[in-house]
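Notes to accompany the following structure.
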Amino acid sequence: MTTSNKRKTKTQQENVRLPLIGSYTNRDSSGLKDQRFINIFPETRKVEAIESTKIFLNKRPGKTLYKDFGTGEGRGCIWFNNKFYVVVGNKVIEDGGTPTDKITLTGSTGPVGLTIGNSSTLGDYLFVCDGTSGWVIKTDGTVLNISNDGIRSCSVTAGGSGYTNGTYALGISGGSGSGFTGTYTVTGNAVTSITITNSGSGYTSAPTLSFPSGGGTGASGLAYLNAFPSPHIPTPTFVDGYIILPQRSDVYNCILDEPTKWDSGQYLTAEMFPDAVVGLARQNNQVVVFGGNSIESFYDAANVNGSPLARNDSTTIQMGNAAPYAVYQNEKAFIFAAQSDSGGRGVWQVEGFTPKKVSDEFIDRILDQEVDMSDCRGFGLRTMGHLFYVLNLPTLGRTLVYDLDEKLWHEWSSNNAGSHTVFDCNHMCDNNSGSAYLLHNANGCLYKLDTTSYQDDGVAILVDLTTNRYDMDTIKRKFMSNFRIVADRYVTGNSVDVRWSDDDYQSWSGTKTISLTDDFPNFARGGAFRRRAFNLRNALNYGLRLESLEVSYYEGDH
């Protein structure tokens, strides 16, 4: 009788590349488990001719100091008339060899609205508002204060008769103010027009007008106080010669081509849905009015009375804006954090007038945990060939970033003594140089987002990449003989710290530092696992571009 003994052989070693790119799959908002990209963003390059796609992960650009504008909350910035204007604390500051304080605001904190307009009388101008008051800065640097205690206009209600043709000094009485002066013109023996020569100040009511000269009788007229909306929501926009500004459920506009003059009767009410207006934007030369649970669009209908705007009913959207100061507008679309009566939050992009959700359930879980979205700030910028929407969540201490080109999410952070905190800039402006400029939220500094810098003004950028769990499509035990980082090779100094977790992110191995100055960035003796997640970190003053992890392993029997 012959006995056959079968000897069990070890499974053949496998070499596989594990992709580092992916979408968020977080089970909660803590950020302690599952895939996460911080300060490193995915990038793909598809070559149609050979049906091949290269995948990279790039370290975000750093910040270099442009100028320190003083201490205070960074409340806004804009490029106007070939110079930066920044809002720090209670000052609007004009950039120059020596920065110049142009406006002292009502308060030192909170959002400030900045928008550029154009007028047939003023030319280009910068409109500024802070929720209480408004100002206009002309290209020659002159600041016009928008006051409600001066006279905006006068009208002739009856021309009378028997007047001698000519121009005479207007009679003025009452109103409790001073300084208001004007003239009236007589043509055809009747008063035909009134011209204001000084609007005056301190008026609490409109003064009474009279026409004492010229020898006639029966003329009458009315004076009108300016009616700038105060308080207001500081999210102004400009369309067709009008500054548009919201107040509660109403949307006001200035007099055509006169941004300092406002008529209390020139407004519209966004009332298709019973929610208050929370902010404005502009899309396709239409004014977008955000409510708490609805969005309406209005176009310039050139109405003679009241507001010149009329509702575009077909573009109404039944979702509202959860974060009025986190709207990003560009040449094609606008992006915002949305909410609706059905509950929950999400990020939506509206191109043309078609809404498209760009967040998924995993990003929504994070948004839903932010306590007060009204305090969130957001902006867009283009850098390194990517268009990003940056959304700061201050209570959670996280900054979500959506890549409109790759249609993937990642995160940015600032380095606080080696820990991640919310990205420390809330506002962005562009001086047409190809670089974005960012205003710090607290220290008054304006920074250039610099693709040649790998630190934030001398502070390390903490690149932190956590993968999902890899199991090679089986729960069987695996034995990893070694792994390698597939990345760019650097001349000197650069490395990546690697650790791993085999127990669903509950504990981590010791950190292994792998040099990227070597042709073979390898670590041996990876140990046994069933499911393994990796964490890669880098805080060095170098660029960083990763592709994948290459692992060598063999599979056990059970």
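The model shown is predicted, which means the values in this text are computed figures rather than measured ones. Numbers here simply count residues along the sequence, with the first being 1.
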Across all chains, not counting sequence neighbours, the side-chain contact (heavy atoms from CB on, under 4.5 Å) partners of Ala323 are Asn321, Ala326, Ala337, Met373, Cys376
| request: Name all residues meeting the side-chain contact (heavy atoms from CB on, under 4.5 Å) criterion together with Ala227; count only those two or more places apart in sequence or in a different chain, and write none if there are none. | output: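 Checked Ala227 against side-chain contact (heavy atoms from CB on, under 4.5 Å); matches are Ser264.
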For Leu268 and Ser307, the nearest pair of non-hydrogen atoms, with its separation, is CD2-OG, 3.5 Å
Do [X] and [Y] come close enough that some side-chain heavy atom pair is under 4.5 Å?
X      : Y      : answer
Pro111 : Arg377 : yes
Met319 : Trp348 : yes
Leu280 : Val288 : no

Q. Would you call Asp28 and Lys33 a salt bridge, taking side-chain N to carboxylate O under 4.0 Å as the test?
A.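 Salt bridge flag = no for Lys33 with Asp28.
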Side-chain ion pair, Glu351 and Lys356, N-O less than 4.0 Å
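Answer for the salt bridge query: no.
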Just checking [X] against [Y], ring centres under 6.0 Å apart?
X      : Y      : value
Phe334 : Tyr328 : no
Tyr66  : Tyr437 : yes
Phe127 : Tyr125 : no

Name the orientation class of the two ring planes belonging to Phe228 and Trp262 (parallel below 30°, tilted from 30 to 60°, perpendicular beyond 60°).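 If you compare the ring of Phe228 with that of Trp262, the planes turn out perpendicular.
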* So among Arg545, Glu43, His386, which one has a side-chain hydrogen bond (donor to acceptor under 3.5 Å, both in side chains) with Asn58? ->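 Single side-chain hydrogen bond (donor to acceptor under 3.5 Å, both in side chains) partner of Asn58 among Arg545, Glu43, His386: Glu43.
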* Asked: Just how far is it from atom CG of Asn535 to atom CH2 of Trp500, taken to the nearest 0.5 Å?
  ->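 These two atoms lie 12.0 Å from each other.
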Margin query: On the six-membered ring of Phe69, is Lys91 placed so that its NZ or CZ lies under 6.0 angstrom from the centre and within 45° of the ring axis?
Written below: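 Verdict for Phe69: no cation-pi partner in Lys91.
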I'd like to know whether CD of Gln318 has more than 12 heavy-atom contacts from other residues, nucleotides or ligands below 6.0 angstrom. no
Without placing hydrogens or testing angles, list every side-chain donor-acceptor pair under 3.5 Å for residues 248-257, not counting sequence neighbours.
| from | atom 1 | to | atom 2 | distance (Å) |
| --- | --- | --- | --- | --- |
| Asp250 | OD1 | Thr269 | OG1 | 2.8 |
| Asn253 | ND2 | Gln266 | OE1 | 2.8 |
| Asp257 | OD2 | Ser120 | OG | 2.8 |

